Amino acid sequence: MTLFSPQTALALTLGVVSFLFAVIWGTPLINSLRRMQIGESIRIEGPQRHMSKVGTPTMGGLMIIVPTVIFCSLFILPQYHSLLLPLGMLISAGALGMADDLAKLNQKRRGEEKIGILGRHKMLVVTALALFAAIVIYRPLGLGFIILPTVANRIALPAIIYIPIAVVIIVGTTNAVNLTDGLDGLAGGTAAINFATYGVISLRQGQPQLATFCFCMAGGILAFLWYNAYPAQLFMGDTGSLALGATLSTAALMTGQWVLLPIIGSIFVAVTLSVMIQTTYFKITRRLYGTGRRFFKMAPIHHHFELLGWSEVQVVQRFWLISMLTGVLGVALALL
């Protein structure tokens with residue numbers, strides 16, 4: 001499929017329409033969330049300048065989910081039923097995130113500690129969704145393969161290898177995006193770049209339905225960033241972060257170019273690794289010296305750079321630049 005085709009035009013147009021729809025809908029959504037007093041809580045141990053964000057409306061992931069579901073269902077789904085999978089993951093993961101956001105809100109109103117749904121319970125649901133998606137990708141869709149740069153032919157993988165790998169990718173990416181959602185515009189901007197990258201890859205591979213989904217997601221995220229740019233008027237909450245992670249990884253698996261996801265999603269990988277390094281280093285030094293020490297000033301790594309003196313805007317924009325560069329590299333490798 002050529003990049004210059006009516007299908008490409010439709011995919012890009014729907015991305016723009018999703019943006020316009022979400023931007024127009026954004027102000028009424030924010031006002032509704034404020035009336036319902038659905039506000040964000042901030043980590044006490046985080047940078048003190050973040051305390052001013054307490055009470056900012058959350059659950060802004062709805063601004064991304066709704067237009068994507070509407071326009072993909074109206075214009076693409078009737079012709080391409082394979083789109084049911086990413087749309088189903090978007091709705092399911094978003095619903096899980098919404099349940100978590102609402103649980104935190106109810107705990108706050110009762111004067112309890114705001115922990116939302118227990119982490120192990122969320123992990124169990126995410127893993128179940130990932131297993132379902134992996135099986136669907138492998139069996140009905142027949143996309144259980146891997147594409148490697150410079151290798152001409154797709155490499156088919158047996159189910160016993162592909163399905164566990166796919167589950168790890170979906171669960172890991174979902175958690176990574178959730179961890180990255182800590183600064184105004186950081187997770188959203190990075191995810192928009194990643195979705196646009198996989199949109200281009202999908203078009204190149206002749207998957208216009210998946211490309212449309214990716215561009216609609218990117219359009220919705222850009223509209224969300226209209227209100228989430230510093231200083232944020234709206235946060236995505238787990239409603240958005242879980243949905244973005246689950247669907248980004250699903251889209252990557254459906255292209256077969258999932259080996260490029262750690263490159264394209266380099267920021268998400270770096271954030272996750274920083275948390276793992278911090279936790280491991282703390283445990284090791286506590287055993288050796290009796291007192292745990294920190295490898296970074298704070299994890300995830302974006303807070304480390306804040307404590308080094310970078311402004312929030314500097315951190316976000318520089319991470320965006322890195323994401324753009326690795327996205328271009330990912331497209332280049334996909335063309336080999």
Side-chain angles (χ1 to χ4, degrees), residues 82-90 92-93 126-180 190-215 217-218 241-273 323 325-336:
S82 62
L83 204 62
L84 279 170
L85 178 60
L87 287 176
M89 290 294 286
L90 178 65
S92 301
V126 171
T127 302
L129 289 174
L131 179 60
F132 172 79
I135 293 173
V136 171
I137 292 171
Y138 191 85
R139 296 293 184 188
L141 298 183
L143 300 175
F145 55 81
I146 180 174
I147 299 176
L148 298 175
T150 73
V151 177
N153 298 321
R154 299 175 176 182
I155 302 173
L157 299 175
I160 196 172
I161 294 177
Y162 181 84
I163 291 177
I165 291 176
V167 170
V168 170
I169 289 173
I170 294 173
V171 172
T173 306
T174 303
N175 289 331
V177 177
N178 188 249
L179 287 172
T180 307
T190 303
I193 295 167
N194 290 180
F195 274 108
T197 300
Y198 271 107
V200 173
I201 291 173
S202 299
L203 286 174
R204 176 67 178 178
Q205 294 185 180
Q207 299 187 75
Q209 77 285 12
L210 188 58
T212 302
F213 175 82
C214 289
F215 288 133
M217 287 293 294
S241 61
L242 297 186
L244 294 185
T247 52
L248 176 62
S249 50
T250 299
L253 287 163
M254 290 179 69
T255 64
Q257 299 276 11
W258 44 270
V259 73
L260 299 177
L261 184 57
I263 297 173
I264 294 170
S266 59
I267 295 300
F268 297 133
V269 173
V271 167
T272 304
L273 287 177
S323 188
L325 290 172
T326 56
V328 170
L329 177 60
V331 172
L333 292 172
L335 295 176
L336 293 179

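Everything numeric in this text was worked out from a predicted model, so none of it was measured. Heavy-atom basis, side chains included; hydrogens, waters and symmetry copies ignored.
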### Query
What distance do L143 atom CG and S82 atom OG have between them, rounded to the nearest 0.5 Å?
8.0 Å
### Query
Which heavy-atom pair separates P86 from T247 by the least distance, and what is that distance?
O-CG2, 3.6 Å
For residues 170-179, which side-chain donor-acceptor pairs fall under 3.5 Å, sequence neighbours excluded?
| from | atom 1 | to | atom 2 | distance (Å) |
| --- | --- | --- | --- | --- |
| T173 | OG1 | I169 | O | 2.7 |
| T174 | OG1 | I170 | O | 2.7 |
| T174 | OG1 | A246 | N | 3.3 |
| N175 | ND2 | V171 | O | 3.3 |
| N178 | ND2 | D238 | OD1 | 2.8 |
| N178 | ND2 | S241 | OG | 2.8 |

### Message
How about CZ on F145, more than 12 heavy atoms from neighbouring residues, nucleotides or ligands closer than 6.0 Å, or not?
### Response
yes
### Query
How far apart are the closest heavy atoms of S249 and G245, and which atoms are they?
OG-O, 2.8 Å
### Query
Any donor and acceptor pair, going by atom type alone, linking the side chain of T255 with main-chain N or O of A252 inside 3.5 Å?
yes
### Task
Please identify each residue that fulfils side-chain contact (heavy atoms from CB on, under 4.5 Å) with Y162, with sequence neighbours left out.
I137, Y138, L157, A166, L253, W258
### Query
Hey, are the side chains of I163 and L131 touching, using non-hydrogen atoms and a 4.5 Å cut-off?
yes
### Task
Please indicate whether I160 has more than 12 foreign heavy atoms, meaning atoms of other residues, nucleotides or ligands, lying under 6.0 Å from its CD1.
no
### Query
Taking all atoms of both residues into account, what is the closest heavy-atom pair of L242 and A93, and its distance?
O-CB, 3.6 Å
Pairs under 3.5 angstrom only: tabulate donor-acceptor contacts from the side chains of residues 193-201 to other protein residues two or more places apart or in another chain.
| from | atom 1 | to | atom 2 | distance (Å) |
| --- | --- | --- | --- | --- |
| N194 | ND2 | T190 | O | 3.3 |
| N194 | ND2 | I264 | O | 3.0 |
| N194 | ND2 | S323 | OG | 3.4 |
| T197 | OG1 | I193 | O | 2.8 |
| Y198 | OH | Q257 | O | 3.0 |
| Y198 | OH | L261 | N | 3.3 |

## Note on the structure
Rounding to 0.5 Å, atoms CG (L210) and OG1 (T250) come to a distance of 9.5 Å
### Query
What pair of heavy atoms forms the shortest contact from M254 to L85, and how long is it?
SD-CD2, 4.2 Å
### Gap separating the CG atom of L148 from the CG atom of L260, nearest 0.5 angstrom
8.5 Å
### Task
I would like to know whether L90 and M217 meet side-chain contact (heavy atoms from CB on, under 4.5 Å); could you show each step before the answer?
CA-CA 10 Å; L90 178 65; M217 287 293 294; 3.9 Å; yes
### Task
May I have the step-by-step check of side-chain contact (heavy atoms from CB on, under 4.5 Å) for L203 and F215, ending in yes or no?
CA-CA 11 Å; L203 286 174; F215 288 133; 3.7 Å; yes
